[in-house]
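Here the structure comes first, spelled out in structure tokens, and everything after it is commentary.
One-based numbering, in listed order, for ligands and for the atoms of each.
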Amino acid sequence: MTASDTIYALSSGAGRAAIAVIRMSGSHTPEVLMRMAGRLPTARKLSLSAIRNDRTGEILDKAMVVWIPGPGSFTGEDCAEIHLHGSPAVVSAVMELLSAQPGVRPAEPGEFTKRGFLNGKMDLVEAEGLGDLLQARTSGQRRQAFQQMSGQASSRFESWREQLMQIRAHIEAGVDFADEPGVAEAAAPAIDMSIRTLRSQISAELHRSAGSELLRDGFRVVLAGCPNTGKSSLLNALAGREAAIVSDLPGTTRDAIEVTLELDGMPVIVTDTAGLRSDVADAVEEEGVRRSRQHVSRADLVVWVWSADVIGSRSLDSSIEQPDMLIENKSDLRETESGLLRNDRDASFRISCQTREGIDGLLAELVSRLRKRFGDVESALFVSARQKLAAERSIRYLNDALDVGSENLELKAEDIRRASEEIARLTGRVDVEEWLGAIFSRFCIGK
Ligand SMILES: Nc1nc2c(ncn2[C@@H]2O[C@H](COP(=O)(O)OP(=O)(O)O)[C@@H](O)[C@H]2O)c(=O)[nH]1
Ligand SMILES: [Mg+2]
């Protein structure tokens, strides 16, 4: 398998659809197109062609074909797209035909994008952004991914790299004058000032990006409580569907059930857990309880659900010190007022999953807490652990550079070089081989 292989894949979703798009990239593309469509269509224009099996002469479909010669294509290579009728039978016939062509093989996940990166069509940040955009489920995720994909983040990184190169040039000019007394000393304050300015810009962005993984991975809300207090009912009420089994038999929920919600553009994973009690009925429930405690320990927000009809259910499980929210369910059973009971310590709520009383208020409170936690992460500059690591390392080298006195300019220049290498790593300008597999394998086949 070499980069000169011509690759193809079904780029649209699998299954029956109105249209299915097969994409092709590589040097054999024009000859394969000529064989299948009988001619090479006008470049970059959709044209209707009969797709023919070149051996049997059978017409497999009438399709819209577009021929995109390299280097002005997504991958930088000769490319084509064939827009077929989207039935599985048509798609598999055309895929079979393609795989029979010499020098042509199915693409690996992310291989089109990887070729685009290797051919300089996009940098690594843009490729990562594209991967995130394809996986985006909420509007917040879409905005964050688009900012990365469209090169806004990259141009910021690039400007930092250029500033670092200037600083380095400035220091090296001092090295050249090292024999002349006073020259290096005179330049030192200005150099250190620009290092400090850059350092504070990078760390401010790191700080602002603190919650960006939350937006990528989802905010974890865990519903915990004693058996029968209505945790599963609450999950269903929040999800707006019957995701979990509700029963008056205590210990019904044996394993955690997760539902992903979009609240105000933010991804929220709500987990319903097995009721926490010490006198478990059997080993399966015991395991359920163990998992519940594990979920609680990993939660971003812990909700304790209790209800007046379950004696002792207001007392917290030993694994929970202080829940972020304390919810009394089944308010319909009691003649007391529902809604948010303002209590600064533990924002207590009284709700009824049966009448839905208080549920909207609870959702509104969740959104406002999420907003606080997410801040403006949609516009965060650093979105992945990889990017944050590079930024942290560059800050470390900038600190080192500031620690070096003006008598040791070569060392200072070396620290700056290392800092700029870390920034260059962000966009994939320097050796990033180790990250390529991780980044491109997240893509689906056909992208
Ligand atoms: N009256 C009343 N019953 C409820 C309410 N929420 C849940 N229940 C009932 O309480 C029982 C336990 O509910 P479930 O959601 O399975 O509790 P879990 O064990 O905490 O998951 C079921 O019989 C539910 O119908 C409520 O708001 N009001
Ligand atoms: Mg349950």
Problem - Heavy-atom donor-acceptor pair, Ser73 side chain to Gly70 backbone, under 3.5 Å - result: no
Problem - Pair Ser154, Asp123: side-chain N/O donor-acceptor within cut-off below 3.5 Å - result: yes
Practice task
Return yes if some donor-acceptor pair links the side-chain N/O of Lys121 with the main-chain N/O of Pro71 below 3.5 Å, else return no.
Solution key: yes
Practice task
For His83 and Glu81, test the side chains for any donor-to-acceptor distance below 3.5 angstrom and give the result as yes or no.
Solution key: yes
Exercise for the section: Using the six-membered ring wherever Trp is involved, compare the ring planes of Phe382 and Phe157 and label them parallel, tilted or perpendicular (cut-offs 30° and 60°). Expected result: parallel
Fill in the blank from the handout: With heavy atoms and a 4.0 Å threshold, my read on which part of Thr229 contacts ligand 1 is both
Exercise for the section: Anything protein N, O or S sitting under 2.8 Å from the Mg ion (ligand 2): count it and give me the total. Expected result: 2
Exercise for the section: Verify salt bridge (Lys or Arg N to Asp or Glu O under 4.0 Å) between Glu414 and Arg418, making sure each step is shown before the conclusion. Expected result: CA-CA 6 Å; Glu414 177 59 15; Arg418 291 208 170 129; 3.6 Å; yes
Exercise for the section: Consider every N or O of Gly230 and every N or O of ligand 1, then say whether any pair is closer than 3.5 Å. Expected result: yes
Practice task
Provide, to 0.1 Å, the distance between atom 28 (N) of ligand 1 and the closest protein heavy atom, together with that atom's residue and name.
Solution key: Asp332 OD1, 2.8 Å
Problem - Min N/O separation Asp272 to ligand 1 under 3.5 Å - result: no
Fill in the blank from the handout: Any heavy atom of Asn329 under 4.0 Å from ligand 1? The part involved is side chain
Practice task
Verify, without hydrogens or angle tests, whether Gln141 (side chain) and Arg137 (backbone) share a donor-acceptor contact under 3.5 angstrom.
Solution key: yes
Problem - Main-chain N/O of Leu235 paired to Asp272 side chain as donor or acceptor, under 3.5 Å - result: no
Handout entry: For atom 12 (C) of ligand 1, the protein heavy atom that lies nearest, with its residue and separation
Key = Asn228 OD1, 3.0 Å
Practice task
Using the six-membered ring of Tyr8, assess whether NZ or CZ of Arg105 lies under 6.0 Å from its centre and within 45 degrees of the ring axis.
Solution key: no
Handout entry: Proximity to ligand 1 by part of Leu333, non-hydrogen separation under 4.0 Å
Key = side chain
Problem - Test item: Trp304 side-chain N/O and Ser313 main-chain N/O as donor-acceptor pair under 3.5 Å - result: yes
Practice task
Answer yes if the side chains of Ser352 and Gln354 hold a donor-acceptor pair under 3.5 Å, and no otherwise.
Solution key: no
Handout entry: For atom 23 (O) of ligand 1, closest protein heavy-atom neighbour
Key = Asp248 CB, 3.4 Å
Exercise for the section: Give yes or no for whether the N/O distance cutoff of 3.5 Å, strictly under, is met between Lys330 and ligand 1. Expected result: yes
Exercise for the section: Indicate yes or no for a side-chain donor-acceptor contact from Ser25 to the backbone of Ile7 under 3.5 Å, with no hydrogens or angles considered. Expected result: no
Exercise for the section: Please answer whether the main-chain N or O of Val383 pairs with a side-chain N or O of Gln387 as donor and acceptor at a distance below 3.5 Å. Expected result: yes
Exercise for the section: Run the numbers for me: atoms of ligand 1, each under 4.0 Å from some heavy atom of Gln354, listed by number. Expected result: 1 (N), 2 (C), 3 (N), 4 (C), 26 (C), 27 (O), 28 (N)
Handout entry: atom 25 (O) of ligand 1 - nearest protein heavy atom and its distance
Key = Val246 CG1, 3.7 Å
Practice task
Within a distance under 4.0 Å of any heavy atom of Ser233, pick out the atoms of ligand 1 and give their elements.
Solution key: 6 (N), 7 (C), 13 (O), 14 (P), 15 (O)
Completion exercise
heavy-atom search around atom 20 (O) of ligand 1 in the protein gives Lys231 NZ, 2.7 Å
Problem - Enumerated ligand 1 atoms positioned under 4.0 Å from heavy atoms of Cys353 - result: 6 (N), 26 (C), 27 (O)
